[in-house]
Every structure is written in C-alpha cells, then in structure tokens.
**Student:** 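This is the structure I want to talk about, given as structure tokens.
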2 protein chains.
Amino acid sequence: MPRNRRPQDRGAKLAEIVDAAVTQFSEVGFEQTSMARIAAAAGVTPNTIYWYVADKDHLLVAALELLLAEALSDLGTMDREPLVEQALWVVDRLRRHKTLVGVVHARSEHSSVVATWHDGFHALMDEMVTSRLARDGVPERQRDATARLTTFAVEGLLAHPTGPGETRAVLELVLGPDRRP
Amino acid sequence: MPRNRRPQDRGAKLAEIVDAAVTQFSEVGFEQTSMARIAAAAGVTPNTIYWYVADKDHLLVAALELLLAEALSDLGTMDREPLVEQALWVVDRLRRHKTLVGVVHARSEHSSVVATWHDGFHALMDEMVTSRLARDGVPERQRDATARLTTFAVEGLLAHPTGPGETRAVLELVLGPDRRP
DNA sequence: ACCTGAACACCGTTCAAGT
DNA sequence: ACCTGAACACCGTTCAAGT
C-alpha cells in the first residue's frame with residue numbers, strides 16, 4: 001500500500017549521516033575523514049552514503065548548512081547585544097569547527113557546490129553586519145569595508161589560535177565602541 | 001675520484017623539483033596536484049622526489065619558503081612606502097598563489113612541518129608590521145591588535161576575490177592615513 | 001649517492017545485484 | 001526505494017634493486 005516505504009525515514013537517515021559527518025569533520029578534519037569512517041559512524045556501508053549525497057563535497061556543504069543554521073538560530077537570542085559581543089560569541093561558538101574555515105577555502109577552488117555555499121555565506125555575513133552597522137549609526141561609506149573586514153577578522157581569529165584578550169582587542173579595533181560617533 | 005658525484009647538482013635538482021611544485025600548486029591546486037604530476041613536470045619518476053623531500057607537506061613548505069623569500073626580497077624595494085601601499089602590493093603580488101592560503105590552514109592541522117612554517121610566517125608578519133607601525137607613530141597599545149588584523153585582512157583579501165577599490169578600502173580601514181594621529 | 005620499477009595500503013566513487 | 005559486495009582508477013609512499 002505505501003507507495004514510498006518509510007517516507008519519514010529518508011530525512012532521518014540523511015540527518016544521521018550528516019550528523020556523523022559534522023562530528024568526524026570537526027574532530028578528525030575533512031581530509032583525514034574517509035567516507036568509510038563516516039559510514040561506520042552512521043552505521044551504513046560507504047557506498048550507501050552516495051544514495052543520499054552526490055559526493056564528499058556535497059556532504060561538506062550539508063554539514064556546513066547544519067552548523068550555520070544552528071549558529072544563526074542561537075545568535076537570534078543576542079540580537080540586541082553590541083556587535084562586538086555578537087562577533088565574539090560567533091568566534092567562540094565556531095572555534096570547535098575552526099578546521100572548516102581553511103577547508104572551505106581550499107575546496108572552493110575546485111568544487112562548485114562548496115564555492116556557491118561560500119559565496120552565499122559571505123553575502124549573508126555582509127548583509128547581517130551591514131544592517132547592524134546602519135542601526136548603530138555608522139556612516140554608509142564605511143559600512144561595506146567594515147563588514148568585509150569583520151568577516152576577515154572572524155575568519156582569521158578562527159583559523160589562528162588567539163587568547164581571549166587578543167581576540168577582543170582585534171574585534172574592538174574593527175567594531176569597537178570608539179567607532180560609534 | 002669525486003667522492004660525491006656532481007656535488008652541485010643536488011641543489012639544482014631539488015630546485016627544479018620545488019619550482020615544478022610551485023607552478024603546479026598555484027595553477028592546479030595543492031590537492032589536485034599529484035606527486036606524479038610534479039615528477040613529470042620536473043622530468044623524474046614520482047619516487048625520485050622522495051630522495052629530496054620527506055613527503056608532500058615538506059614539498060609544500062619548500063614551495064612556500066621559495067615564494068616568501070622572493071616576495072620579501074622584492075618588498076625590500078618599497079621599504080619607505082606607506083604601510084597601506086606595501087600591504088596592497090603584497091596582496092596583488094600573492095593573488096597568483098591565493099589557493100595556498102586555505103591549503104596552509106587546512107594542512108597545518110595535521111602536518112607539523114606546515115604548522116611550524118605557518119607559525120613562523122605569522123611571527124614574521126607581526127614583527128614587520130609592528131615595527132613599521134612604531135615608526136609611523138602608532139601608540140604601542142594598538143600595535144599588536146593592528147598587526148594581527150593586518151595579517152587577517154591580507155589573508156582574507158587573498159582568499160576572496162575583491163575589486164581594487166574594495167581591497168584598498170579594507171586596508172585603509174586597518175592602516176589608513178587617519179590612523180596616524 | 002642517486003634513481004627506478006614494482007608493489008602496498010588506501011582513497012573516493014561506480015555499478016550490477018539484491019530486497 | 002534503498003542498500004550492499006565487489007570492483008575501478010588513483011593516490012602518497014616504500015623498498016629492493018640497479019648504477
């Protein structure tokens with residue numbers, strides 16, 4: 001009778017695979033994580049993964065989308081906090097997945113899915129930061145460059161180990177209270 | 001009679017291999033470049049490379065060292081130019097090898113040679129920028145964070161495509177003329 | 001000292017075959 | 001529709017063997 005057997009399992013199984021990928025990518029690293037390893041963690045055979053995702057880069061994008069969605073949802077809570085605090089929170093939150101910054105840049109060169117996700121991510125970041133800068137009264141001429149610089153600072157802080165004081169100092173240099181006129 | 005046959009060839013051959021690696025890494029990308037490809041470009045068999053370098057990561061470091069030495073030597077020419085111009089020149093100069101930024105970050109996680117080179121590179125950058133900031137009269141408290149931010153900005157500009165105006169705007173935001181009191 | 005041919009373990013991915 | 005066993009082409013690296 002059921003035209004599609006277990007119609008809700010499909011999404012659930014995919015989610016399991018993506019969850020396994022997120023964990024392995026962040027703990028072991030993208031390149032060091034074989035499809036076989038992810039498959040084992042998800043309780044399937046390596047080739048089964050290919051029924052759910054096209055290839056390893058699509059799996060990376062799925063993992064990134066999940067991570068981003070969670071982070072954005074949590075970030076919503078601190079909507080009214082100063083930008084520096086929000087950026088600081090993002091850095092702290094994503095430190096766990098710092099490996100992925102370099103991986104995204106490296107893979108973007110030769111995988112169009114990753115490149116497309118990467119572009120969209122930056123567009124989103126730019127838009128979020130720019131609108132908040134506008135709200136804070138930063139003059140329009142400075143907004144674009146400040147938004148770009150903010151993203152670069154966040155990526156740089158993620159990719160390189162920096163102490164708490166240093167991290168705050170860098171972000172305040174970009175978004176600091178002295179920037180509000 | 002010669003205890004070591006062709007004593008000067010050793011360095012020359014190594015240089016050929018590293019040159020081939022630099023070219024292939026920048027044109028095709030590090031991951032996409034197989035040892036076989038580098039070997040072919042250098043006119044040797046794949047396994048011959050292993051007589052000169054320990055592994056692919058050591059070859060990457062050799063390539064980075066060559067690139068950095070060349071860039072620093074050329075940069076010496078513009079020692080007296082404003083910092084913004086120097087940074088702009090560096091970005092423009094290294095755009096050809098932009099792929100390597102992400103690769104270094106990605107490989108640093110699991111290769112100690114690459115990690116060590118990466119650390120040294122940042123220490124050098126910090127020192128260079130800090131000393132120039134001091135010369136420009138930037139107060140000591142701001143120097144460290146500004147130096148860090150400069151590196152992050154340069155890396156960000158390299159990793160992401162940005163137009164000339166945008167690139168300059170970002171760098172001026174960090175090092176701009178308005179920063180001199 | 002220098003270089004090679006042949007092999008090793010492993011990788012992402014495919015595919016014919018099962019249910 | 002979903003999953004698998006077995007295979008494919010390729011990878012970085014090793015090693016015994018040559019000169």
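Sequence lines set the chain letters: A, B, ... in the order given, protein chains first and strands last, and positions in each chain run from 1.
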**Student:** Are any of B:Thr45's side-chain N or O atoms less than 4.0 Å away from OP1 or OP2 of C:dT4?
**Tutor:** yes
**Student:** A:Lys13 side chain N/O closer than 4.0 Å to the phosphate oxygens (OP1, OP2) of D:dA1?
**Tutor:** no
**Student:** Considering every strand shown, what is the Watson-Crick or G-U wobble mate of C:dG12 when both distances are under 3.5 Å?
**Tutor:** D:dC8
**Student:** Checking contacts here: which listed nucleotide (D:dG12, C:dC3, C:dT13) is nearest the side-chain heavy atoms of A:Asp55?
**Tutor:** C:dT13
**Student:** Nearest-Å distance, CD1 (B:Ile49) to P (D:dG12)?
**Tutor:** 9 Å
**Student:** At less than 4.0 Å, is any side-chain N or O atom of A:Lys56 found next to OP1 or OP2 of C:dC11? Yes or no.
**Tutor:** no
**Student:** Side chain of A:Tyr52, heavy atoms from C-beta onward: which of C:dT13, D:dT13, D:dC2 has the nearest atom to it?
**Tutor:** D:dC2
**Student:** Taking any strand in view, what nucleotide pairs with C:dA1 in a Watson-Crick or G-U wobble way, both distances under 3.5 Å?
**Tutor:** D:dT19
**Student:** I'd like to know if A:Asp136 pairs up with A:Arg143 as an ion pair, taking the criterion as any Lys NZ or Arg NE/NH1/NH2 lying under 4.0 Å from an Asp or Glu carboxylate oxygen.
**Tutor:** no
**Student:** Which part of the nucleic acid, if any, lies within reach of B:Ser34 when heavy atoms closer than 4.0 Å are counted: base, sugar-phosphate only, or nothing?
**Tutor:** sugar-phosphate
**Student:** Parallel, tilted or perpendicular: which describes the rings of A:His122 and A:His118, with under 30° parallel and over 60° perpendicular?
**Tutor:** perpendicular
**Student:** Name the closest nucleotide to the B:Trp51 side chain, picking from C:dA1, D:dC11, D:dC2.
**Tutor:** C:dA1
**Student:** Please examine the side chains of A:Phe152 and A:Val174, heavy atoms only from C-beta on, and report whether any two atoms are closer than 4.5 Å.
**Tutor:** no
**Student:** Between A:Glu27 and A:Arg96, is the closest basic N to carboxylate O distance under 4.0 Å?
**Tutor:** no
**Student:** Calculate the interatomic distance between A:His110 atom NE2 and C:dG12 atom C1'; express it in whole Å.
**Tutor:** 17 Å
